[in-house]
Each structure stands twice: as structure tokens, then as C-alpha cells.
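Note sheet for the following structure.
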Amino acid sequence: MKALDRLVRETQAQARIPALSAAVHRADRPLWTHSVGAAPDAAFRIGSVTKTFTAVLVMRARDAGLLDLDDPIGRHLDVSAHGELTVRRLLSHTSGIQREPYGDVWDTLVAPDAVTLVADLERVERVLPPARRFHYSNLGVALLGLAVGRLRGGTWGEVLAAEVLGPLGLTGTSVARPENATTGYLVDAYSDAARPEPPLDFGAVGPAAQLWSTAADMAKWAAFLADPAADGPAGAVLAPATLDEMRWPATTTDQGLWAVGFGLGLILVPRGDRVVHVGHDGAMPGFLAGVYGRPRALTGQPGPAGFGAAVLGASGTALETVDLPHKLLDAAAEQDPAEIEPWTPGEPAPEAYRSVLGRWWSEGFEQVFSWHDGALRSRGAADPAGRPPAVFRPSTDNPDILRTVSGREVGELLRLTRAADGRVVRMHWATYRLTRDQQTFEGHSFTA
């Protein structure tokens, strides 16, 4: 698309980025890529985008029963201090542990090995109480990576290649610097000079920021984070429900400006009415990266399946790099929207639930119950069109007790009360009464 090409070229020129590579992945379109100053398949450092891979490995271990998110890290890693910090707190950057390993890594450019990193935990500070607020920590994610490697019987890099990179076909992504690597630069603020930055191996902190990748690989990864079932069997690497869990905001990153949230290893960026981008930014000396997908499940709106964008830049100071993937997703959705799927007739509601359909009242507000796609649903009569409905599933032993599986009051029960003829005449949802007419809490109806 010419509009996307122009966005990339404008960003490269205005932000003075020596090399810039971008890609947009959609399940319903061919891959779009555009590069300036680099080959389309050039590899860049992706910095902290690496954390999303470590987060997926942690969640895979949880789903396999190898750990619980509320386990203390000391249960899975032999540490001399801070072993009580939980996996969940480390993953959501709410543990309170300091940002970097002990020492001056950014002065020496020598990262600790695993033995040193763990031994030095005795010198590491807890700068905030756990759960107090968001505090970003490379050290915390490094500990998670070491734990995953130990649980799986290999190094973090070996586990990553076997469990994620290989199955998803991310052949352009690697722990080691590849032959097609781009040089990263510091662009002078007051001239057009660009000085190469030194290479840095992140050692035991690798699970937080080590990876190299291409824009095409990262756009595919962003699409996976947004919609894991779009390009292959659901749950092949991680169950869609688990990624939904990762995308739920655990904290905001700024108390005064609720513009960015953080889930379990993922940054959440609202982009307007019920549109959220999920992914991560990355920075290493001479490099910046932005990798984000747009989940349809979060928006409640129709949109492309498997929709992700990545922008990789060879400048350590051009923050426009990390804003560009959001612009590319917005532009691609607006200028080339997904095809409109036609409505087709479906099966009617089962006889047992037909008397539930229609309008009910609860707490003075009107609810509309309907049957779509094989499930009972509910929406507030005044809900905006884009708000997802509540969806119910009947219990296996009693069809008159249903569980809310998504939407409002998720997890709560809906109980049906029937008259002698079998019609549903009253319901209770999360214990609140629903009736066919508007009633007070004492059960009195309004009369004309």
C-alpha cells in the first residue's frame, strides 16, 4: 500500500534513521514490507520485545503444570535473596525489584553470567514493596528466563528455539547476532553524523533483551500475540485463552496518565473506542523496535484476523520508530478494511431456552437475551454497539444453571426459575434478580 510506504519513508527521513524496516501481517492479505536503508530481510536488535517471548515461555510452563503464577520464584530457582517474589509480580513488573542486575552494566557493557547474576541478588535492592506500582525490571524478567530454562532442562535460548521459534516458523529470529545483522547507530543531535554503537551480548539478562529479528518475523509474532489461531491450529504454541489472560491489564504504567497498561509480559496501548494494541517496545544501543498486534477479541469490532505490525530501526534515539507500528495498524485497518462476512441463518434456540429470549429487567435497567452461534447471550439495552455481549454456557449437570464465560460478570452464574408449564419466569444473574417487567428491589412492578 502506497500510504503505508509513505508513512515509513516520512518517518525515516524526519527522524533521521539510518536504516528502517517495517512489516504488516494480516491473515487475509499478503505480507506487506517496506525498508529504507536496509534490505527487507535485514536483522535488527529488538531489545525488550524479547520479553514477550519469555512471557510466552512462562505461560506455557504454567499451562503445562510446571509452575503457578503465584509461586515464589525461589521455588523454581535457587536464589540467595528475593526468592519470595512471585512469578506473577515479576512478569507484570510489579515485584518492586530494582531495574538492572547489580553493577554498572551500561558502563562496562559486560553482562553477568547466570552464576554471577544469581549470586549478586544479595546486593540487589527491593526499591518498592511488591504490588505497590509498576516498576520496570530487566532483572526480574532475567530471573524468569533462568527459571524456565531450569524447568525445561535447557538454556533459555534452547527452550525458546524448540517451543516458539521453530513451531511458528520464525526463522529470522535468533539469540546470536546473524550474518544479515544491521549496524546500530547514535545519530548526532546537531549534525548528520551517525556513530556506530558497540555490540552487546546480554548474557544471563538475555531473556529480557537479547534477540535479533526481521520486521517480517516480528509482524508475524505481533499477529500471534493478537490472534494466535489466525495462522494455524488454536493452541499450537499457546492457548488463545492464555493469551487473553496475558492481555488483561494488571497495572497502569503512569498514575496520572492512563494511556498505557501492562499485562503479563505485554504492553497494552488504547487506540480509541474499544481498540487496543498489544505487544512491546524494545531498545538496545543503536536500535529501537515497536511490535504490536490488534486483537479482535478486545475490540468488540470487526477487523482483520491475525493483524500485527513491526517497525525496526537502526537508531537508538528516534522514538518515532516505536510509534510507527500503531500508525501502520490504524492506516491499514482504515484504508484496507477486512471483508464484511455475510450473515447467514443459524439454528434456533433450543426449546429449553426459548422462553429466556427477549427483554428482562434488573436493578431498574433493561437487558436483552438472545441466541447466537450456539450460545445464550445478554446485552444491556443501552449498550453501545461495540461492547461485547455476555455469553453463557450451561452446566453439565443442570441446564438451568449457566456460567458466564465472557463479557459482563464473567465467571458468575445465571440461574433460571421456571413456572409449572416450563416457561422461564425469573432469573438470577450474579444473585441479582431479572424479571420481565421493571421492579423495585422489593419486587413491586410499575403499573400504568
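In this text the structure is predicted, and so the values were computed from the model without any measurement.
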E158 vs R152, salt bridge (Lys or Arg N to Asp or Glu O under 4.0 Å): CA-CA, chis, key distance, verdict: CA-CA 9 Å; E158 291 167 346; R152 296 294 193 181; over 6 Å; no
Exercise: do H277 and R294 side chains pair donor with acceptor under 3.5 Å: yes
Donor-acceptor under 3.5 Å (T214 side chain, D217 main chain): yes
Check ion pair K327-D323 (N to O, under 4.0 angstrom): yes
Criterion ring pair (Phe, Tyr, Trp, His ring centres under 6.0 Å) on W106 and F202, from CA distance to verdict: CA-CA 11 Å; W106 297 110; F202 231 32; 5.5 Å; yes
Modelled atom types, side-chain donor and acceptor of K51 and T54, under 3.5 Å: no
Ring centroid separation W248 to F262 under 6.0 Å: no
Electrostatic pair D68:R62 at N-O distance under 4.0 angstrom: no
W371 and Y353 aromatic ring geometry - parallel, tilted or perpendicular at 30°/60° bounds: parallel
Working for ring pair (Phe, Tyr, Trp, His ring centres under 6.0 Å), residues F307 and H25: CA-CA 6 Å; F307 190 25; H25 181 284; 9.4 Å; no
Y136 atom OH: more than 12 heavy-atom contacts under 6.0 Å: yes
W429 six-ring face occupied by R408 cation (under 6.0 Å, within 45°): yes
Q12 side-chain N/O to L20 backbone N/O, donor-acceptor pair under 3.5 Å: no
Ring pair (Phe, Tyr, Trp, His ring centres under 6.0 Å) between F287 and W212, intermediate numbers included: CA-CA 10 Å; F287 295 96; W212 293 80; 5.7 Å; yes
